[in-house]
Structure formats: C-alpha cells, structure tokens
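Input: a single structure, listed below in structure tokens.
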Amino acid sequence: METGPDSLFLTLLLLLHSSHSVSERFEVLGPSDSIVAVAGEDIILPCYLKPNISAEDMTVDWLKLDFLDGRVFRYQNHRIIRDDQIPSYRRRTSLFEEELWRGNTSLKLTRVQGTDEGHYKCFIKAKRWYDDFTIQVLIKAVGSKPVVSIEGHREGGMCLLCESEGWHPEPELIHRDFKGFYRVKQHVIVQETDTNRFTCRVQQSRINEKMETEIHLPSELFDYATPLRMAFTVLCCLGAIIGIGLSLAVYWICNKKGNGEII
Ligand SMILES: *[C@@H]1O[C@H](CO)[C@@H](O)[C@H](O)[C@H]1NC(C)=O
Ligand SMILES: *[C@@H]1O[C@H](CO)[C@@H](O)[C@H](O)[C@H]1NC(C)=O
C-alpha cells in the first residue's frame, strides 16, 4: 500500500472537488398534486430548493408552458426583471423575497382568472447547476345565474334565449370573454306543455357546479302563437263587427220608415 505525498495530494484534490460539486447541486421541488384555484382569489405556487440553500444569488424563472416566449416572473442579480413579462401577469406576481435565503422560491399570484389555468415551470439556475419543477393550476369559476328572455314566436313555438357568463372551465361551447371566462348563450324553441314551466340549466360537471333559472310562460302566449286559433279569433271579431253593423243598419232603416209615416 502506497502512502506517499502524491496519493495524499490526489485524495485532497478529490475531496475538494466533490465537496465543491455537492454545494452547487440542488433539487427544485413542489407539490405533486395540481392546485385548484377559485377565480378572484390569491394563490401561492409552491417551489423550493432541496437542500434549503439560499436562492438569493440565483436566477429564479417562473414560466407558463402554454406560452413559447414570455415569462410570468423573473428574479435575477437580486432584482425583479420585468422585460418579456406576459402582459396578463403584470402587477399580479411576486416572490417572497424574505424567504429566498432559505430556498423558498414560491410565487404569489393575485386575483386569478380563467387564462391562468395551465402548467407553470419553476426554473432555478445557479452558476454551475440548474433544475426545475412543473406545477399544474386549474381554475374554477361558477358563472352567473342564467337570464332567460322571451324572443317571440318562431317556428310554431316560443323562442327563449338563455344566457350565463363567468364560467371556467367551459360549460358549453360558445363565446369567450377577455379574462378567459366562458359565456354561454343558447336559443331554444319550446312548445306548450301542461305546466308551461321551462328551466335553463348551465352546468359544469368537472367542478360539480350548476346554475339554473325557471321561467313560466302564460298559455295565452302560446294561444296567440297558433295560426289556426289566430284565424279563428280574427273571424270571430269580423263576425261580431258585421253582426253589429247589420243590426245598426236594420235599426236605422226601421226608424227612417217610422219617421216617414208620421210626416
Ligand atoms: C433547512 O432544513 C433543515 C432540515 O432539512 C432544517 O433543520 C432547517 O431549519 C432549514 N433551514 C431553514 C432556514 O429553513
Ligand atoms: C414559502 O413562503 C410562503 C410565504 O411565507 C409560505 O406560505 C410557504 O409555505 C413557504 N414554502 C416553503 C416550502 O417553505
């Protein structure tokens, strides 16, 4: 066994080298489950270093994977970098800067909205090492109580319009408003029933939510709608007018005759 100065030097070198690379290495971790957020709330996207070394001298990037370029947030050289920030995240994101020294790089996102749904990557880079972790965020928003309006007679029935907005995820395909919430709007033609009660229900089974509105239509609305009945009503009215006219004429002729006799 050789225990010369050469091998001692080699061992020291190896020790130095390994201790250096160990101090540079870290893992980036976060929750394994996705985060479900209710629209309008503030949320924390957890992310931290293991071991819990300081991230103060590192670059912390929060990226949204659905966007090819643009970032949600960047911390670099001890400063917040706002260039290339996706506009919808402006003034809504922050790090807990007082927590960085212990490896906590969680992101705070305020007033969440529909477009915030997606996958977020927490990417941390030191001088010689980097790692990342991806979190899924789901947004849940229950829309407004549907508003039902009567559009009028159509195709032998009554046309109703049902509208509800502010949903996420999408309860039924239609328009989308600018904050990423869904609005549904649907026409339906109904026929007269025993009760004449109609319900518009908007539901989203993934978040197990629904909203509904009931409307009662007086049956006169439908009566008027039936062309046959309408024709019948017109005929009745015409008949009545002709009848009255005839009796007035007869009365007038009789009166005239009588007057003539007296003279
Ligand atoms: C870092 O983690 C160790 C154990 O994993 C814990 O004892 C220590 O309090 C942590 N330090 C900070 C600053 O959180
Ligand atoms: C990071 O800091 C935030 C804010 O204080 C806290 O809510 C969160 O639990 C911290 N995360 C970790 C992993 O320490």
Side-chain angles (χ1 to χ4, degrees), residues 12 14-142 166 168-169 179-181 206-209:
L12 258 174
L14 274 174
L15 266 174
L16 270 174
H17 181 77
S18 62
S19 74
H20 179 78
S21 49
V22 161
S23 76
E24 271 291 317
R25 274 181 202 178
F26 54 82
E27 263 186 286
V28 175
L29 298 174
S32 47
D33 291 336
S34 51
I35 294 173
V36 179
V38 175
E41 281 183 356
D42 297 349
I43 56 167
I44 293 175
L45 306 188
C47 182
Y48 55 91
L49 299 182
K50 185 188 167 192
N52 52 9
I53 51 174
S54 172
E56 284 171 311
D57 298 324
M58 302 183 185
T59 298
V60 178
D61 269 335
W62 275 94
L63 309 160
K64 179 112 187 265
L65 297 188
D66 322 56
F67 285 84
L68 280 183
D69 39 41
R71 280 182 296 266
V72 171
F73 193 88
R74 166 171 273 191
Y75 170 91
Q76 193 175 40
N77 298 328
H78 304 234
R79 289 190 301 124
I80 296 163
I81 311 290
R82 299 192 195 279
D83 310 338
D84 296 328
Q85 187 178 35
I86 301 166
S88 65
Y89 290 97
R90 245 173 239 156
R91 289 184 295 278
R92 293 201 298 127
T93 48
S94 55
L95 288 188
F96 299 96
E97 289 182 55
E98 72 285 0
E99 291 271 334
L100 285 176
W101 69 276
R102 57 167 127 192
N104 182 350
T105 55
S106 305
L107 182 81
K108 184 174 180 186
L109 178 60
T110 57
R111 303 184 306 278
V112 297
Q113 54 190 47
T115 47
D116 293 343
E117 184 159 292
H119 292 86
Y120 291 80
K121 181 182 272 190
C122 170
F123 180 90
I124 302 179
K125 192 175 173 300
K127 281 192 186 67
R128 289 184 194 83
W129 188 255
Y130 64 83
D131 194 20
D132 64 65
F133 188 85
T134 298
I135 301 172
Q136 186 182 15
V137 173
L138 300 170
I139 305 294
K140 157 176 167 166
V142 183
H168 207 284
K179 279 195 171 172
F181 295 117
R206 203 180 95 194
I207 59 172
N208 196 25
E209 296 285 356

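Every number for a ligand or one of its atoms is a count from 1 in the order of the listing. Because the structure is predicted, anything quoted here is derived from the model rather than measured.
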So do Leu45 and Trp62 actually touch side chain to side chain, heavy atoms under 4.5 Å? yes
For residues Gln113 and Ser88, is any side-chain donor paired with an opposing acceptor at under 3.5 Å? no
Any sub-3.5 Å donor-acceptor pair from Arg74's side-chain atoms to Arg79's backbone N or O? no
Any sub-3.5 Å donor-acceptor pair from Ser106's side-chain atoms to Cys47's backbone N or O? yes
For ligand 1, which atoms sit closer than 4.0 Å to a heavy atom of Trp101? 13 (C)
Taking the side chain as every heavy atom from C-beta outward, state whether Val112 and Asp42 have any pair of such atoms under 4.5 Å apart. no
Atoms of ligand 2 less than 4.0 Å from Ile44 heavy atoms? 7 (O)
Got the closest protein heavy atom to atom 13 (C) of ligand 1, with its distance? Arg102 CB, 3.3 Å
Would you tell me which option among Asn104, Leu107, Leu95 has the nearest heavy-atom contact to atom 2 (O) of ligand 2? Asn104
Going by a strict under-4.0 Å cutoff (protein heavy atoms only), does atom 11 (N) of ligand 2 have a neighbour on the protein? yes
Hey, are the side chains of Tyr89 and Leu109 touching, using non-hydrogen atoms and a 4.5 Å cut-off? yes
Of the protein's non-hydrogen atoms, which lies at the shortest distance from atom 6 (C) of ligand 1, and what is that distance? Asn52 ND2, 4.1 Å
Verify atom 4 (C) of ligand 1: protein non-hydrogen atom under 4.0 angstrom away: no
